[in-house]
Number of protein chains: 2
Amino acid sequence: MSPAKKKQPVAAQAGLTMADLAKLAGVSKITVSRALGDSPLVTPETRERIQALARKHGYKLNVSARNLRLRRSHTVAVIVEMKPSSSRTMWDPYPLSLLGGITQELTSAGYSVLLTTRHDAANAAVQAADGLILLGQGVHQDAVKLYDRMGLPMVVWGAESDHDNHIVVGSDNRQSGVSVAERFLSIGRRHPVFIGNSDHPEMAQRLHGFVDELAGHGIKPLLLQRVDWTLESGVAAVHSLASRKVHFDAIFACSDLLAMGAIRALVELGLSVPNDVSVVGYDDTPHGVSFLPPLSTVRQNWQEGGVLLARKVLALIDGQPVASQMLPTSLIVRAT
Amino acid sequence: MSPAKKKQPVAAQAGLTMADLAKLAGVSKITVSRALGDSPLVTPETRERIQALARKHGYKLNVSARNLRLRRSHTVAVIVEMKPSSSRTMWDPYPLSLLGGITQELTSAGYSVLLTTRHDAANAAVQAADGLILLGQGVHQDAVKLYDRMGLPMVVWGAESDHDNHIVVGSDNRQSGVSVAERFLSIGRRHPVFIGNSDHPEMAQRLHGFVDELAGHGIKPLLLQRVDWTLESGVAAVHSLASRKVHFDAIFACSDLLAMGAIRALVELGLSVPNDVSVVGYDDTPHGVSFLPPLSTVRQNWQEGGVLLARKVLALIDGQPVASQMLPTSLIVRAT
DNA sequence: CGATATCAAGATATCGATATCATTACATTT
DNA sequence: AAATGTAATGATATCGATATCTTGATATCG
């Protein structure tokens, strides 16, 4: 048998500890700790001296030790709904935008962001977190309950629902539905269609706002149920309308892709956008701006949403009272 | 003065420790540790008994304590180039896809993913990591050097470069340039144009592959320098060609948006795609499939790229020899 | 001048898990 | 039967930082 050579992990960084620094500076560990922490309990001179020493030797704080002592991880786990091979969510730019805001806010508050997919949310990583942020359209009751049982401060992105009581941050989907309805009414549309998935909580609220506002004017929109949010789905939706000889003059689509698909189909049918039919999409994707004709759409403020999610978890961790909050959306009226 | 009520952070979870479990089970701490770690040093029965007890009481391992003792954080920091307000990267779907693969692989190896933006990469979080993964097209020498100085195992996504020696994982940009050139040659195109930013390392390699392959057939493509990767930029590029009365019959654009813009401009100019001009984009974005005409493009395998990035850091952390690696891309030929 | 207040710094205990070495109980060998 | 081996478990020290309680030195006061 050949002698199996054991691989030596590099991990154990020989880095200095506070004790080492203390010896170097001729003070005690605790003084080093205080100096590095800018505590007022040390003279400015010793503080400077020790900080300089730390810099010089490239001292690295051992975060684990600190967290252990403080009984906090200073870490928030972000659970993203990422199905390994699914096309949609992985590609969807929105979680990344939210992540941007979240990361910004958390790191500037001295917290770290632990990224996790829903599938492996049971792992040790999440156990270490001080708080939880849940992202992803598919987050349903069961998942939320699962995490809830971890007893951690938790904030969810999405639609507010009556029968559960966790903190939610999201776009004001209802209001966006109202806005689109108002817009359609103001330009004299009387036969609007809604394209989207009413089983999806966020979309359902858009639908509600849309329906309610129109109802106030005696109008009942047509609901065109569409599970996919692809361009093809939008095309198919309009074709189905045409084949059923439905009369309509406005479309509120729950995604820009749906909207663009719808417009393409309309053009194919010889209809003019926006003369014959008005179309409003959702999300303000980059493609929409340069679409022909430029797409009217509803814009969500994801950056701010992320920041808000972060603030709420932090507040929860801090034991402060926190309420759910819906962010206003803006209707971007372009050419459609 | 009213007595300032001090807010009480909830953080300090009263959770059980191994010592508590040990008392409950009538064994020593270390036996609990071994039982939970499936060590062969405890009888199957005691292991079962203790694990059941842990489950029953919802025992949560204190990761900080463990990491402290093991002198490892079991954490890899992912540094994403996210400029707070920039439009591009934040929206760009690709980092998320990479993140998907990374997260999958790392968590299944028992590691956590620490998400960081480049800006706050100096924070304590990163110091805690066992390894580093750098994402983002704008990662340049200075940044890499900065992180290099942390002395951590590091892997970078992007283009391989001669004059630095860190591990790189990326798409084989050069080969993709060659493939597109081959395609153009095979369909008899003799006057190709390259649209992109030659200062961008990854794009530069696409250009090199493209140029080299064409040179073998005595053809020298025209380079159209474009810093923006937007649709408008694509439109402008083609218009500039037209106004200069350049003759061309093929376009290799470095992003799908550029390609779509180019096609739009071509159509406006009364040229037919692909009859008069062939166009190939890059990235295989969802919009490309349903573009009219469906866009030919180069697809990168991001999921796998993420997995590979993760594997390489893990190997580095483990002290194994690791080499850079470029992933093959695939040319998706559709209608353009 | 003695007593107390104030300030800087140190000693010690502690957070929760695990590596290492020691111990016990029982089985096997000669 | 004594000696050796083996398997299961335990005792202790340790990872590196910080909270808490002291200590010593200097300043301030009546």
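Bear in mind the structure is a predicted one, so any value in this text is a computation, not a measurement. To find a chain, count down the sequence lines: A is the first, B the second, and so on, and within it residues start at 1.
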For this session: Give the rounded distance in Å between these two atoms: CD1 of B/Ile50 and P of D/dA8.
Result: 13 Å
Exercise. Mind checking whether A/Leu327 and A/Leu308 have side chains closer than 4.5 Å, heavy atoms only?
Worked result: yes
Exercise. How many Å lie between CZ on B/Arg72 and P on D/dT14, as a whole number?
Worked result: 22 Å
Which atoms of nucleotides 18-22 of chain D (N or O only) lie under 3.5 Å from a protein N or O atom, and what are those distances?
from   : atom 1 : to      : atom 2 : distance (Å)
D/dT18 : OP2    : A/Ser33 : OG     : 2.5
D/dT18 : O2     : A/Arg69 : NH1    : 2.6

For this session: Would you mind classifying the nucleic acid contact of A/Thr46 as base, sugar-phosphate or nothing, using non-hydrogen atoms under 4.0 angstrom?
Result: sugar-phosphate
Seminar exercise, completed: When rounded to whole Å, the CG to C1' distance for the pair A/Asn67 and D/dC15 reads 14 Å
Problem set entry | B/Asp130 side chain vs B/Val76 backbone, donor-acceptor pair below 3.5 Å | no
Problem set entry | Distance test, side-chain N/O of B/Thr43 to OP1/OP2 of D/dT9, below 4.0 Å | yes
Exercise. For C/dG16, does either OP1 or OP2 sit under 4.0 Å from a side-chain N or O belonging to B/Tyr59?
Worked result: no
Exercise. Heavy atoms under 4.0 Å, any strand shown: does A/Val32 hit a base, just sugar-phosphate, or nothing?
Worked result: nothing
For this session: Tell me whether the OP1 or OP2 atom of C/dG10 has a side-chain N or O from A/Thr31 closer than 4.0 Å.
Result: yes
Exercise. Whole-Å distance between D/dA17 C1' and A/Asp20 CG?
Worked result: 13 Å
Report, one pair per line, the protein and nucleotides 25-28 of chain C atoms (nitrogen or oxygen only) whose separation is under 3.5 Å.
none

Exercise. Do the side chains of A/Leu316 and A/Val155 get nearer than 4.5 Å, heavy atoms only?
Worked result: yes
Exercise. How is B/Pro44 classified with respect to the nucleic acid when contacts are heavy atoms under 4.0 Å: base, sugar-phosphate, or nothing?
Worked result: nothing
For this session: Without swapping roles, check the side chain of B/Thr46 against the backbone of B/Val42 for a donor-acceptor pair under 3.5 Å.
Result: no
Problem set entry | A/Arg49 (side chain) donor-acceptor with A/Ala25 (main chain) under 3.5 angstrom | yes
Exercise. With respect to the phosphate group of C/dG16, does any side-chain polar atom (N or O) of B/Thr17 fall under 4.0 Å of OP1 or OP2?
Worked result: no
For this session: Send over the distance from A/Glu45 CD to C/dC7 C1', rounded to a whole Å.
Result: 13 Å
